[in-house]
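Contents: one structure, followed by commentary.
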Amino acid sequence: IYLNAFRRDIASDGMNSEGLSVGALYLPDFTTYQEVCGSLCNKSSISNLQLPKFILGNFATVQEVQEALDNGSFPLVFDQKVNLPGIDTLEMHYTIY
């Protein structure tokens, strides 16, 4: 289950069947993402807007997420531009619990 942001295919907050939860917090003028381009795009990277759905669909516990971060199997996160009035990017950081 997730909250659909801006009537788009963007999960901002949610919880999966195992009880893992993700929350998106807006942090403008502070949040930055990796520069991902070339062969890394779409292979070992994911958009910041798809990150909550990716986490909820691929992990059951916070420990599993941490292990993926530690062993390098977690994808790079890049900034996907949005087309919203007055907003070029959604500068989000995430809580995982």
Q. Does Y94 reach the main-chain N or O of N48 with its side chain, forming a donor-acceptor pair under 3.5 Å?
A.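 Yes; judged by distance alone, with no hydrogens or angles, the pair exists.
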(Q) In terms of relative ring orientation, are F59 and F74 parallel, tilted or perpendicular, with 30° and 60° separating the classes? (A)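 Parallel, since the angle between the ring planes stays under 30°.
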(Q) Just verifying a value: how many Å separate S47 OG and K53 NZ, rounded to the nearest 0.5 Å? (A)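 It comes to 10.5 Å.
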**Q.** Nearest-0.5 Å distance, CD of residue E91 to OH of residue Y26
**A.**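 So the gap between those two atoms works out to 5.5 Å.
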Q) With the 4.5 Å side-chain cut-off for hydrophobic clustering, are L25 and L49 part of the same group? A)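 L25 does not cluster with L49.
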Q. Is there a chain of hydrophobic side chains (I, L, V, M, F, W, Y, each step under 4.5 Å between heavy atoms) that links L69 to I46?
A.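 L69 and I46: one cluster.
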**Q.** Step-by-step side-chain hydrogen bond (donor to acceptor under 3.5 Å, both in side chains) determination, Q66 to D70
**A.** CA-CA 6 Å; Q66 185 64 52; D70 290 344; 2.8 Å; yes
Shortest non-hydrogen contact between [X] and [Y], atoms and distance:
X	Y	value
T61	L20	C-CD1, 3.7 Å
A24	D13	N-OD2, 3.3 Å
L56	M15	CD1-N, 3.9 Å
S12	P52	O-CG, 4.4 Å

Q) Taking side chain as C-beta onward, heavy atoms only, is T95 less than 4.5 Å from V22? A)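 No - every pair of side-chain heavy atoms lies 4.5 Å or more apart.
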